Amino acid sequence: MSPSEGTHPPEPPMDGELPVVAPQLRALRRRASLTLEAAARAAGLSPAHLSRLETGQRQPSLPMLLALARIYGTTVSALLGESVPERDAVLRASDREPTKAGGWTYWQAGAPGRGMQALRVHVPYGSQGDIVRVHPGEEWLYVLKGRLRLRLGDTTHLLAPGDSAHFDSLTPHRIAAADRDGADLLFVHTLLQSPTAALCLGPTTPGETP
């Protein structure tokens with residue numbers, strides 16, 4: 001599991017990759033009428049860690065962005081301040097630019113404003129594999145390249161290219177690349193606004209932060 005907040009190695013400060021995340025995080029939290037403490041608890045973070053994200057002193061990982069997007073009832077694209085194009089059923093590869101967050105790289109694979117979000121994701125080796133998530137909704141993933149280690153509850157599965165998984169997000173789960181070159185996958189999750197979003201626990205040990 002990740003070290004506690006007090007012993008976790010310092011994360012790099014926000015750089016040019018995510019210039020608008022900090023103010024977006026604060027604005028969306030306030031729009032949701034959540035205190036810093038309530039939002040941090042729902043995301044499995046300490047209030048101090050969330051405060052650093054909101055002030056740009058820390059760069060959020062993709063799992064953090066996904067968790068906060070669910071809590072605030074929005075999308076990762078909105079958190080990143082990306083412009084929302086007109087809704088279209090077809091997305092061209094040439095129109096999608098990669099975005100990096102916390103070592104992860106992802107590409108939008110679905111239109112904004114829908115009831116679910118689709119992403120193509122590159123999971124680097126050794127990054128965020130110790131974060132356990134629990135939240136409302138469903139998730140589906142399909143491995144494109146490399147091998148993925150998926151833990152659902154007490155069972156760990158090793159997924160190869162062509163393997164997929166579809167599970168209830170209330171099952172404690174975590175994913176990690178099994179190979180040094182990382183893993184590429186398609187990832188779809190539902191976007192739900194629910195009081196039970198507080199079940200998004202992050203690390204399993206109280207006080208730990210990603």
Side-chain angles (χ1 to χ4, degrees), residues 1-5 7-12 15 17-18 43-45 49 58-70 75-77 79-80 93 96-110 116-191 199-210:
M1 303 302 299
S2 300
S4 64
E5 174 76 14
T7 60
H8 194 283
E11 294 180 43
D15 57 25
E17 292 177 352
L18 301 172
L45 303 172
H49 195 86
R58 292 289 186 273
Q59 178 174 310
S61 65
L62 180 56
M64 288 182 195
L65 291 173
L66 288 167
L68 292 168
R70 293 184 184 106
T75 66
V76 171
S77 296
L79 289 181
L80 294 174
R96 295 197 298 267
E97 295 292 334
T99 300
K100 292 186 177 181
W104 295 51
T105 305
Y106 77 93
W107 297 258
Q108 292 292 335
M116 60 185 182
Q117 186 171 22
L119 304 169
R120 180 164 67 89
V121 183
H122 175 74
V123 183
Y125 182 78
S127 174
Q128 303 297 327
D130 54 356
I131 298 177
V132 178
R133 295 293 180 190
V134 181
H135 52 84
E138 295 183 24
E139 295 187 23
W140 175 88
L141 59 86
Y142 178 92
V143 181
L144 297 168
K145 181 180 178 182
R147 295 182 303 163
L148 193 73
R149 187 170 286 110
L150 170 66
R151 182 169 179 178
L152 294 174
D154 296 327
T155 304
T156 299
H157 307 270
L158 186 63
L159 305 182
D163 292 341
S164 62
H166 189 173
F167 53 92
D168 189 323
S169 302
L170 287 174
T171 302
H173 55 280
R174 65 183 180 186
I175 64 175
D179 300 323
R180 292 283 179 180
D181 291 336
D184 294 338
L185 61 141
L186 294 176
F187 176 75
V188 177
H189 69 96
T190 54
L191 297 171
L199 293 175
C200 184
L201 301 177
T204 53
T205 302
E208 290 186 341
T209 57

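The shown structure was predicted, so the numbers you read here are calculated from the model rather than taken from an experiment. Start at 1 with the first residue, then count along the sequence.
Just one residue in the list Asp184, Thr105, Asp181 forms a side-chain hydrogen bond (donor to acceptor under 3.5 Å, both in side chains) with His122, and that residue is Asp184.
In this structure a side-chain-to-backbone donor-acceptor pair under 3.5 Å is missing from Thr171 to Gly153.
Within the 4.5 Å cutoff, the side chain of Thr156 has heavy atoms near those of the Arg149 side chain. Put simply, the side chain of Leu144 reaches to within 4.5 Å of the side chain of Leu186, judged on heavy atoms.
Of all heavy-atom pairs spanning Leu68 and Ala43, the tightest one is CD2-CB, 3.8 Å. Trp107 approaches Pro98 most closely through the heavy-atom pair NE1-CB, 3.2 Å. Between Arg147 and Ala160, the shortest heavy-atom distance links the atoms CG-CA, 4.4 Å. Nearest heavy-atom pair across Pro124 and Ala177 is O-CB, 3.9 Å. Taking both residues in full, the closest heavy atoms of Gly146 and Pro161 are given as O-CD, 3.2 Å, listed atom of the first, atom of the second, then distance.
Between the CH2 atom in Trp140 and the NE2 atom in His166 there is a gap of 9.5 Å [rounded to 0.5 Å]. Between the CG atom in Leu152 and the CG atom in Asp168 there is a gap of 10.0 Å [rounded to 0.5 Å]. Atoms CG and CD, from Leu66 and Gln117 in turn, are 6.5 Å apart once rounded to the nearest 0.5 Å. Within the model, atoms CE of Met64 and CZ of Arg58 stand 9.5 Å from one another, a figure rounded to the nearest 0.5 Å. Rounding to the nearest 0.5 Å places CG of Leu185 at 6.0 Å from CG of Leu148. A distance of 10.0 Å separates CG in Leu150 from CG in Leu158, rounded to the nearest 0.5 Å.
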Audit row: Phe167, Leu141, side chain to side chain contact (heavy atoms under 4.5 Å, CB included) steps and yes/no: CA-CA 9 Å; Phe167 53 92; Leu141 59 86; 4.2 Å; yes
Side chain to side chain donor-acceptor pair (under 3.5 Å) between His173 and Glu139, intermediate numbers included: CA-CA 10 Å; His173 55 280; Glu139 295 187 23; 3.1 Å; yes
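With a 6.0 Å radius and a threshold of 12 heavy atoms from other residues, nucleotides or ligands, Asp179 has its CG atom above the threshold.
Side-chain contact, His189 with Glu138: no donor N or O sits under 3.5 Å from an acceptor N or O.
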